[in-house]
There are 2 protein chains.
Amino acid sequence: MNVLEHAEIADRLRAAGIPVTLQRLAIAHALFERPIHVTAEQLLRQVKASVPETSRATVYNSLKLFVEKGLVKELMVDPERVVFDSNTEPHFHLYDIVTGDLTDVPAEQMSLVGLPALPPGTKLEQIDVIVRVSPQR
Amino acid sequence: MNVLEHAEIADRLRAAGIPVTLQRLAIAHALFERPIHVTAEQLLRQVKASVPETSRATVYNSLKLFVEKGLVKELMVDPERVVFDSNTEPHFHLYDIVTGDLTDVPAEQMSLVGLPALPPGTKLEQIDVIVRVSPQR
DNA sequence: TTCCATGCAAAGGGTTTGCACTCTC
DNA sequence: GAGAGTGCAAACCCTTTGCATGGAA
């Protein structure tokens, strides 16, 4: 990763009100270089490759922080583990329940019409749409 | 629960190809008396009240079996635990991420338009739509 | 110096597994 | 008697927590 990207990503963290540290920068870089779907464990491995002084706890702490600040979204597609999505634009997902493949659904292929009456005193946080498929036979 | 209900529920299990046992009957009764959203732990407590000789393992085994046979659906609304839905008709959910309240969205309030191109060699299993809300402030 | 971030290892909690026992056919 | 279903407790795995260390303001 080059200096320019570092600066952009650092700014993105600061803009979200997140103090920049070496580990957060490495985690953010892995997440934001391009839109990805990753588990915490995958991210830990990936980040450790460039910044070995990164612990599991820090990855979880940072992810939690990023989610709170709206930089990434949690996807609950698999009961075994949470997947983090670095694309925070509204979009739908296609998930293969056997292979674990997770991809985005092109916006023009599916849309949601209407919004349910929200319970009094609540506000909308997010709408998840997951199309689950499995290999045929 | 009365004899008639027992018979109906037993038939429902047999129709799904599930050999009937005392525990499965009690679990099925708790699930199918009316449409509900429950966790495995809640179900265990509930079933034990009527059939104390029921173990956690049996509840999990039975739920897994029921899911395979299409009698209940797994909902991944919360990373902490899986919620089982005894209403297998297609419908959407409204989930309060703070209180944990989980309700159905009336069909007339929201609908999904279009279906994405499925990856070659895969078949549609299920489409989950979860509207997440939180208490205001 | 004060506070926050981090590393490490242990704890936590939902779910699964191993194994012996029971029941059914 | 063979196979399936069950109970019990331990094992598992992802995630969180406690605590001491280190770094920044």
Side-chain angles (χ1 to χ4, degrees), chain A residues 9-10 13-14 16-30 37-69 71-85 97 100 102, chain B residues 9-10 13-14 16-30 37-69 71-85 97 100 102:
Chain A
I9 290 172
L13 293 183
R14 291 189 194 98
I18 299 173
V20 174
T21 68
L22 180 62
Q23 287 85 348
R24 285 174 183 165
L25 205 49
I27 293 168
H29 187 271
H37 303 131
V38 276
T39 65
E41 212 63 27
Q42 290 171 340
L43 195 56
L44 174 62
R45 259 187 286 118
Q46 197 174 334
V47 169
K48 271 197 161 173
S50 60
V51 181
E53 45 279 284
T54 305
S55 68
R56 189 183 321 280
T58 295
V59 169
Y60 277 100
N61 285 341
S62 301
L63 282 171
K64 188 178 174 187
L65 196 55
F66 290 5
V67 168
E68 283 169 8
K69 300 302 188 181
L71 296 184
V72 300
K73 280 207 239 175
E74 282 182 297
L75 298 182
M76 268 100 82
V77 293
D78 177 347
E80 309 285 296
R81 76 203 98 258
V82 172
V83 174
F84 296 87
D85 190 347
I97 61 177
L102 180 61
Chain B
I9 290 170
L13 293 182
R14 291 190 194 99
I18 299 174
V20 174
T21 68
L22 180 62
Q23 288 85 348
R24 285 173 184 167
L25 204 50
I27 293 167
H29 187 271
H37 302 131
V38 276
T39 65
E41 213 63 27
Q42 291 171 339
L43 196 55
L44 173 63
R45 261 188 283 118
Q46 197 173 335
V47 169
K48 270 198 163 173
S50 60
V51 182
E53 45 279 284
T54 306
S55 68
R56 190 184 321 278
T58 294
V59 169
Y60 277 100
N61 285 341
S62 300
L63 282 171
K64 188 177 174 189
L65 197 54
F66 290 6
V67 168
E68 282 170 8
K69 300 303 186 178
L71 296 183
V72 300
K73 281 206 241 177
E74 283 181 294
L75 298 181
M76 267 100 83
V77 292
D78 177 347
E80 308 285 295
R81 75 203 101 259
V82 173
V83 174
F84 295 86
D85 190 345
I97 61 177
L102 179 62

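Order of the sequence lines sets the chain letters (A, B, ...), proteins ahead of strands, with each chain counted from 1.
- Nearest-nucleotide positions on DNA chain D for B/Pro79 and B/Val59 put B/Val59 closer to the 5' end.
- At a threshold of 4.5 Å between non-hydrogen side-chain atoms, the residues A/Leu44 and A/Tyr60 do not count as touching.
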Report, as a single string ordered 5' to 3', how protein heavy atoms within less than 4.0 Å touch nucleotides 20-25 of chain D: B base, S sugar-phosphate only, - not at all. ------
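- Between the C1' atom of D/dT16 and the CD atom of A/Glu68 lies a distance of 14 Å, rounded to the nearest Å.
- Per the geometry, NZ belonging to A/Lys48 stands 12 Å off C1' belonging to C/dT6, to the nearest Å.
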I need a per-nucleotide contact map over nucleotides 15-25 of chain C, read 5' to 3'. Cutoff is protein heavy atoms under 4.0 Å; write B for the base, S for backbone only, - otherwise. BBB--------
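- Taking atom CG on A/Leu25 and atom C1' on C/dT6, their separation rounds to 15 Å, with Å as the unit.
- A/Arg45 places its CZ atom 14 Å from the C1' atom of D/dC14, with the value rounded to the nearest Å.
- To the nearest angstrom, C1' of D/dG5 lies 15 Å from CG of B/Leu63.
- In this structure, A/Gln42 atom CD and D/dC13 atom P are separated by 16 Å, rounded to whole Å.
- Checking the phosphate oxygens (OP1, OP2) of D/dT6, a side-chain nitrogen or oxygen of B/Thr21 falls inside 4.0 Å.
- Rounded to whole Å, atom P of C/dC4 lies 17 Å from atom CD of A/Gln23.
- Heavy atoms only, all atoms of each residue included: B/Leu43 and B/Ala30 are closest at CD1-CB, 3.7 Å.
- For B/Glu80, the salt bridge (charged side-chain N to carboxylate O under 4.0 Å, His left out) test picks out no residue, with sequence neighbours left out.
- Counting heavy atoms from C-beta on, the side chains of B/Asn61 and B/Lys64 never come closer than 4.5 Å.
- Regarding B/Arg24, its CZ atom lies at a distance of 11 Å from the P atom of D/dA4, rounded to whole Å.
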